[in-house]
Every structure is written in structure tokens, then in C-alpha cells.
Amino acid sequence: MTGEWFTETLHPAVAQRFRVEKVVYRDKTEHQDLVIFENAAFGRILALDGVIQTTTGDEFVYHEMLAHVPILAHGRARQVLIIGGGDGGMLRRCLMHAGVEKVTMVEIDRSVVDLCREYLPSISDGAFDDPRTDLVIADGCRFVKETDQRYDVIIVDSTDPIGPGAVLFTPEFYADCKRCLTPGGVFVNQNGVPFLDEGEQPRTYAKLRVLFRDVWAYGAPVPTYYGGLMTFGWASDDPALRALPVEEIRRRFEAARIETRWYTPELHAASFAVPRLVLDILER
Ligand code: SAM
């Protein structure tokens, strides 16, 4: 594969490709086909079942927006649950919040964690060794069905709704997540790119609306999630959490003393202003 091109197989009608400078690791794990390779523009890239998951070059955009927005909006999150997130980038961002006492991360594939720790260490940057980390190797869908723990923020950092990630887009899974949230808790999930995953998105929002008083979307453009704006699902029973004045978000952010490369309080507030295309999907 070295010297060749890696062509992503996510969308039937379009594909993006990356030149492979070097294959770092390739294996078929118990759950999926895993490859880590180097690319001159994006650094080290992890792909699972032919789909780009993360790159050392742009991971900060996705991880900062999917972690800091719900945690700062919540304002007093102590217990955080991550479903998926094997590379550890989400875990690292959650642990930056001093008020967070424990982050439980439920990842189905131990190989993703082990190989990312070895070959993409900058993404987790020691987060797996933090005493506040509770790593559980299990199916996230099963975990939320069986646990009696409660969480202030639940972040679903999953693969797309194919392969092992498909169960993380079902009404049963969303209902179990709702049950696992403390009152005032926030649920967020990666919800694809509206231009290319249009079918996936309305189904997510409609399923969440049955369970939560406030369901919305926010977004970020992640270069290697091809197709423009990536959207995140947002669900809570408190509509005020996504309408905080920017001054209050700034106060919380400054108090948290977190260093970011993408997230700003202004961007946080603005990210809930979604394009008409996404409003139409939300209203369906
Ligand atoms: N940011 C990425 C994206 O949008 O493509 C997701 C990255 S993260 C590496 C996705 C992780 O979800 C993978 O490590 C995969 O093993 C994990 N995963 C998939 N299905 C799962 C399930 N049912 N339970 C727990 N983890 C799951």
C-alpha cells in the first residue's frame, strides 16, 4: 500500500483519497479492519473498515467541539461517559476539565485503544493513564442497557452506522442513554455530514425527540470527514443549556483554564446556528 492511495469507502457516490507515505500498522481486529498510515498533509491516519476515523492533523477540531461544548454548557459535569472513542482524543479533552471526577470510556475494540496508544500517542497524550479514567472494553449499547451508573454528559464518539457502530444509532440505545443521564444531563453524538449522510440524520433527530425536550444539532467542519459541515446531535431536557449567553460560556471557559486550538466560547455559541439545510432535517 505504501506509495499508493488509500481510498475511503464510506459513500457510494463519492470518495476521498489520501497518498500513503508509509503503512504504520495493518490488521484485522476481532471487530474491524484497522489500518494506520502516514500522509504528508494530515500526519498519521487511523481508518476502520475503510473509513477515516481520526488523523493527528485535524483531530482537535472534532474532539474539542464534541467534548468542550457539552461539558461547558452543562457547567458542573462530574461523571462523563464516552461511547467509542478508542483513539483517546475525546477522553483527553474530557479530562482537561478539573471538575470532571471520572470519565468512563466504553470501547468495543481493545485493539483500537492499544494500537492508538502505540502508534498515535499524541492523540490521547497520556489520558489512558489518568486515575480518573475508567476504560471498559464492551459494546456501548449493551453497557448502557445494563449499567446503574448515572452520567452528567454522554458523548457518543462512534463509527458510522455500519458494522459494530450501527447499534449506536438505534432508538433502544438512545432510550438507555436517556435513562443513564442525571437530571439536566446532556447527550451528544457524531451524526455525519448532511450533504452525504442525509438519511442518517433525520432518523437520529426523530428518535431523540421522542425522549428529550430539547433536540438540536451543532457543527464543525472537520477536513477529513469529507463533505463540508459535520453535525453533532444534541439532546437534553433543558433548552437553556444551548442558549447560554456567550459571556457566561467565556466565564466558564476561562475558569476551566483549558488550552484549545479550535474551540472558542464564541464558536461554541455560534455553532448552534445551523444552516437552513440542517434546520429542514431537524424539522422532519
Ligand atoms: N471520530 C470518529 C468518526 O467520526 O469517524 C470516530 C472515532 S472512534 C475511533 C470510533 C470508535 O467507536 C472505534 O474505536 C470503534 O471501535 C468504536 N465502536 C464502534 N462500535 C462500537 C460499539 N458498539 N460500542 C463501543 N464502541 C464502538
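Residue numbers run from 1 in the order of the sequence given. One-based numbering, in listed order, for ligands and for the atoms of each.
- Ligand 1 lies under 4.0 Å from heavy atoms of Gln32, Leu48, Ile52, Gln53, Tyr62, Gly84, Gly85, Gly86, Asp87, Val106, Glu107, Ile108, Asp109, Val112, Ala138, Asp139, Gly140, Asp157, Ser158, Thr159, Pro164, Gly165, Val167, Leu168, Gln190, Tyr225.
- The hydrophobic cluster containing Phe173 also contains Leu66, counting ILVMFWY residues as joined when their side-chain heavy atoms lie under 4.5 angstrom apart, directly or transitively.
- Looking at His31, its side chain does come within 3.5 Å of a backbone N or O of Ile108 through a donor-acceptor pair.
- Side chains of His68 and Ile258 form a contact here, defined as non-hydrogen atoms less than 4.5 Å apart.
- When atom types are taken as modelled, the side chain of Arg179 and the backbone of Val144 share a donor-acceptor pair closer than 3.5 angstrom.
- Among all heavy-atom pairs drawn from Ala127 and Thr133, the shortest one is O-OG1, 2.8 Å.
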Taking distance alone, no hydrogens or angles, what donor-acceptor pairs closer than 3.5 Å link side-chain atoms of residues 153-169 to residues at least two apart or in another chain?
from, atom 1, to, atom 2, distance (Å)
Asp157, OD1, Tyr62, OH, 2.5
Asp160, OD1, Gln190, NE2, 3.4

